Amino acid sequence: MCLAVPGRILSLQERNGTLMSIVDFGGVQKDVCLQYIPDATVGDYVVVHVGFAIQRLDEESALQTLAEFEHLGVLKEEFGNGFEIAARQAGLANPETAQPQQSDEPEVRS
């Protein structure tokens, strides 16, 4: 799923001529490009889609939306570990934490 999610700007910085920020999405922090909202400031709430802030949003609306997304489990799906979520949905073990299978073959050393 790929949603537009509201978040609060925590910091601003310019990287290679691009205005970037750290944005907090209810506890999850991500790098976000602010080129479409160059007058945004620290503390503003913005709607972010695929790493780009696309709209400014008032705090009340942002917090209500984040609470609803949290209630629906959307934030975990949007920001969670994609491999873990896919494995769980398929009824398999998480490939990142699964133990490697032991081989009956002797270890070859050079």
Side-chain angles (χ1 to χ4, degrees):
M1 185 181 300
C2 190
L3 295 174
V5 179
R8 183 172 173 258
I9 297 172
L10 298 178
S11 66
L12 303 170
Q13 62 266 168
E14 185 174 316
R15 284 189 226 148
N16 300 322
T18 302
L19 182 58
M20 298 295 294
S21 66
I22 302 295
V23 174
D24 180 82
F25 301 93
V28 176
Q29 297 177 4
K30 298 280 187 180
D31 283 327
V32 171
C33 179
L34 290 177
Q35 285 297 108
Y36 297 133
I37 309 175
D39 61 339
T41 62
V42 171
D44 284 353
Y45 282 87
V46 290
V47 176
V48 178
H49 182 62
V50 293
F52 291 86
I54 56 175
Q55 180 180 354
R56 193 174 275 114
L57 187 66
D58 67 90
E59 182 176 4
E60 182 180 347
S61 297
L63 295 177
Q64 285 177 343
T65 303
L66 283 170
E68 190 63 31
F69 282 1
E70 179 68 28
H71 174 72
L72 296 171
V74 173
L75 290 178
K76 191 174 283 184
E77 185 174 319
E78 186 72 14
F79 297 122
N81 180 318
F83 288 116
E84 179 183 344
I85 293 169
R88 187 177 58 243
Q89 290 173 344
L92 302 171
N94 182 348
E96 293 184 337
T97 59
Q99 298 294 322
Q101 293 185 345
Q102 296 290 331
S103 173
D104 293 336
E105 302 284 325
E107 184 176 328
V108 178
R109 295 182 184 199
S110 56

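Residues take their numbers from the sequence shown, with the count starting at 1. These figures come from a predicted structure and were not determined experimentally.
- For the pair Gln29 (side chain) and Asp24 (backbone), a donor-acceptor distance under 3.5 Å is absent.
- The two residues Gly26 and Leu66 make their nearest non-hydrogen contact at N-CD1, 4.2 Å.
- A continuous path of hydrophobic side-chain contacts links Val23 to Val28 [ILVMFWY only; heavy atoms under 4.5 Å].
- Contact annotation: the side chain of Ile9 approaches that of Leu34 to within less than 4.5 Å [non-hydrogen atoms, C-beta and beyond].
- Nearest heavy atoms, Thr18 versus Cys33: CG2-SG, 3.7 Å.
- To the nearest 0.5 Å, the span separating CZ on Arg8 from OG on Ser21 amounts to 12.0 Å.
- Two residues are said to be in side-chain contact when any heavy atoms from C-beta on lie closer than 4.5 Å; Val32 and Phe25 meet this criterion.
- With rounding to the nearest 0.5 angstrom, the CG atom of Asp44 is 5.0 Å from the CZ atom of Arg56.
- The neighbour count for Glu14 CD, taken as heavy atoms of other residues, nucleotides or ligands under 6.0 Å away, is above 12.
- With a 4.5 Å cut-off on side-chain heavy atoms, Lys30 and Val48 do not count as touching.
- Within the 4.5 Å cutoff, side-chain heavy atoms of Phe69 are placed close to those of Pro6.
- Other residues, nucleotides and ligands place no more than 12 heavy atoms under 6.0 Å from the CD atom of Glu70.
- Both Val46 and Val74 belong to a common hydrophobic cluster when Ile, Leu, Val, Met, Phe, Trp and Tyr are linked at side-chain heavy-atom distances under 4.5 angstrom.
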* In sequence, state the C-alpha distance, the side-chain angles, and the governing distance for Leu12 and Val42, and then conclude on side chain to side chain contact (heavy atoms under 4.5 Å, CB included). => CA-CA 7 Å; Leu12 303 170; Val42 171; 4.0 Å; yes

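- Counting all heavy atoms, side chain and backbone alike, Ser61 lies closest to Leu57 at CB-CD1, 3.9 Å.
- Hydrophobic clustering (side-chain heavy atoms under 4.5 Å, transitive across Ile, Leu, Val, Met, Phe, Trp, Tyr) keeps Val50 apart from Met20.
- Side-chain heavy atoms closer than 4.5 Å link hydrophobic residues (I, L, V, M, F, W, Y) into clusters, and following such links, even through other members, never connects Phe52 to Ile22.
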